[in-house]
Every structure is written in structure tokens, then in C-alpha cells.
Trainee: 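After the C-alpha cells below, expect a handful of questions from me.
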Amino acid sequence: MKNLPHFCRGEVVRGFGRGSKELGIPTANFPDSVVDHLPADICTGIYYGWACVGNGDVHRMVMSIGWNPYYKNTKKSMETHIIHTFKEDFYGETLSIVIVGYIRPEKSFDSLDSLIAAIHSDIEEAKRRLDLPEHYKLKEDIFFRTTVDQIMNGHCSL
């Protein structure tokens with residue numbers, strides 16, 4: 001995937017309502033306008049990278065891009081799980097992310113427990129990979145310290 005790292009920014013919108021309630025793994029969701037502008041070579045699957053809500057701290061994240069086969073979605077989504085505990089929801093806030101790398105393709109699971117176990121495995125894999133110096137340095141990228149009021153996709157060009 002030649003477009004990685006991929007920098008992306010957008011408003012947090014309500015998703016399917018499954019992350020926190022059903023999976024115990026809350027996600028921040030981008031609107032269709034952001035999903036529709038992903039580069040063509042960013043295929044569906046599970047990714048890892050860095051995320052920042054508003055002007056807050058930068059945290060590790062894992063992201064699902066696709067149709068979530070277990071749930072048989074008909075609409076493509078970008079669901080970001082920030083590896084941090086927030087005290088409250090942040091719908092309407094700006095989420096800035098950098099997608100650093102790819103973990104695995106999306107797939108269906110035979111049970112909810114299997115899906116949850118896979119997500120926890122993805123989270124651990126993301127933590128390991130983001131500790132690598134070439135990935136860790138992106139946590140400090142100027143992209144996270146800029147205030148851009150517009151929705152944006154692509155590489156940060158300052």
C-alpha cells in the first residue's frame with residue numbers, strides 16, 4: 001500500500017452502536033464523506049496507527065475499514081478504536097488519525113466471542129508494531145499539532 005502512512009481528519013459521527021455496547025470495545029466513526037475519499041489502494045481490513053481527538057493527546061489506535069462481514073454491513077465504514085479510556089463520548093469532535101500499517105484482512109467469525117478475541121489480538125499487535133521507531137515517530141507528526149477546521153484526507157501538506 002503505497003499510500004501509507006495516510007493522514008485523515010473528520011468529525012466523529014454515530015456508528016452502528018455495537019462497539020461499546022455489544023463488543024465492549026468503543027469505536028469512533030468517520031462520516032461517509034471521509035470513507036468515500038480513501039485512496040483506492042487502501043483495501044478493507046484491520047489497520048493500526050495514531051489518533052487524536054480535538055487538540056488532545058495522541059494515542060495508539062486500531063481501525064477497521066470495510067463492511068464488517070460478521071455483521072453483514074451493506075455500508076463501508078471506518079471504525080477507529082483508540083487505545084485509551086475516555087471519560088465521555090466525543091461525538092461531533094474532530095478525529096485526526098494517521099494510518100501507519102496493515103494487520104490483516106477483514107473476515108467473518110463463527111461467534112461474537114471469536115470476533116472479540118480477534119479484536120483484542122489486533123490491539124496487542126498494534127501496540128507491538130507502534131513501538132517500532134519508524135512507527136513511533138509518527139506520533140509526533142506536525143499533523144497532530146495543526147488546527148485545521150476543514151475535513152481532510154491524504155498526506156498533510158504544510
Trainee: Let me confirm one number: the CD1-CG distance from I42 to N3, rounded to the nearest 0.5 Å.
Mentor: 5.5 Å

Trainee: Does the ring centre of W50 sit less than 6.0 Å away from the ring centre of F7?
Mentor: no

Trainee: Just verifying a value: how many Å separate L95 CG and E11 CD, rounded to the nearest 0.5 Å?
Mentor: 11.0 Å

Trainee: What are the two closest heavy atoms between E93 and G54, and how far apart are they?
Mentor: OE1-CA, 4.1 Å

Trainee: Is it true that I97 and F86 fall in one hydrophobic cluster, defined by side-chain heavy atoms closer than 4.5 Å?
Mentor: yes

Trainee: Counting distance only, does the side-chain N/O of N29 pair as donor-acceptor with the main-chain N or O of S77 below 3.5 Å?
Mentor: no

Trainee: Under the criterion side-chain contact (heavy atoms from CB on, under 4.5 Å), I'd like the reasoning laid out for R145 against V58: C-alpha separation, chi angles, the key distance, then a yes or no.
Mentor: CA-CA 10 Å; R145 295 189 307 272; V58 178; over 6 Å; no

Trainee: Restricting to non-hydrogen atoms, name the atom on A28 and the atom on V12 that form the minimum distance, rounded to 0.1 Å.
Mentor: CB-CG1, 4.0 Å

Trainee: Throw together a table of side-chain donor-acceptor distances under 3.5 angstrom for residues 112-120, partners on residues two or more places apart or in other chains.
Mentor:
from: S114; atom 1: OG; to: D110; atom 2: OD1; distance (Å): 3.0
from: S114; atom 1: OG; to: S111; atom 2: OG; distance (Å): 3.0

Trainee: Answer yes if Y102 and L132 sit in the same cluster of Ile, Leu, Val, Met, Phe, Trp and Tyr residues linked by side chain heavy atoms under 4.5 Å apart, and no otherwise.
Mentor: no

Trainee: Would you please classify the geometry between the H135 ring and the Y48 ring as parallel, tilted or perpendicular, with 30° and 60° separating the classes?
Mentor: perpendicular

Trainee: Determine whether M63 and Y91 fall in the same hydrophobic cluster, where Ile, Leu, Val, Met, Phe, Trp and Tyr are linked whenever their side-chain heavy atoms lie under 4.5 Å apart.
Mentor: yes

Trainee: Does the distance from a Lys or Arg side-chain N to an Asp or Glu carboxylate O, for D122 and R129, drop under 4.0 Å?
Mentor: no

Trainee: If I take atom CE from residue M78 and atom OG1 from residue T27, how far apart are they, to the nearest 0.5 angstrom?
Mentor: 12.0 Å

Trainee: Flag the pair H59 / V53 as yes when at least one side-chain heavy-atom distance between them is below 4.5 Å, and no otherwise.
Mentor: no

Trainee: Checking E106 side chain against S64 main chain: does a donor-acceptor pair fall under 3.5 Å?
Mentor: no

Trainee: Measuring only between side-chain heavy atoms, which start at C-beta, is L130 closer than 4.5 Å to I83?
Mentor: no

Trainee: Quick one: does E125's side chain get under 4.5 Å of V62's, heavy atoms only?
Mentor: no

Trainee: With a 4.5 Å limit on heavy-atom distance, are the side chains of C52 and F143 in contact?
Mentor: no

Trainee: What distance separates E79 CD from I46 CD1, expressed to the nearest 0.5 Å?
Mentor: 9.0 Å

Trainee: Hey, does K139 have a side-chain heavy atom less than 4.5 Å from the side chain of V98?
Mentor: no

Trainee: Do the side chains of T80 and F30 get nearer than 4.5 Å, heavy atoms only?
Mentor: yes

Trainee: Under 4.5 Å between side-chain heavy atoms, counting indirect links through other Ile/Leu/Val/Met/Phe/Trp/Tyr residues: same cluster for I65 and V13 or not?
Mentor: no

Trainee: Report yes if the side chains of R9 and T146 come closer than 4.5 Å at any heavy-atom pair, otherwise no.
Mentor: yes

Trainee: Do the non-hydrogen side-chain atoms of P105 and K107 ever get within less than 4.5 Å of each other?
Mentor: no

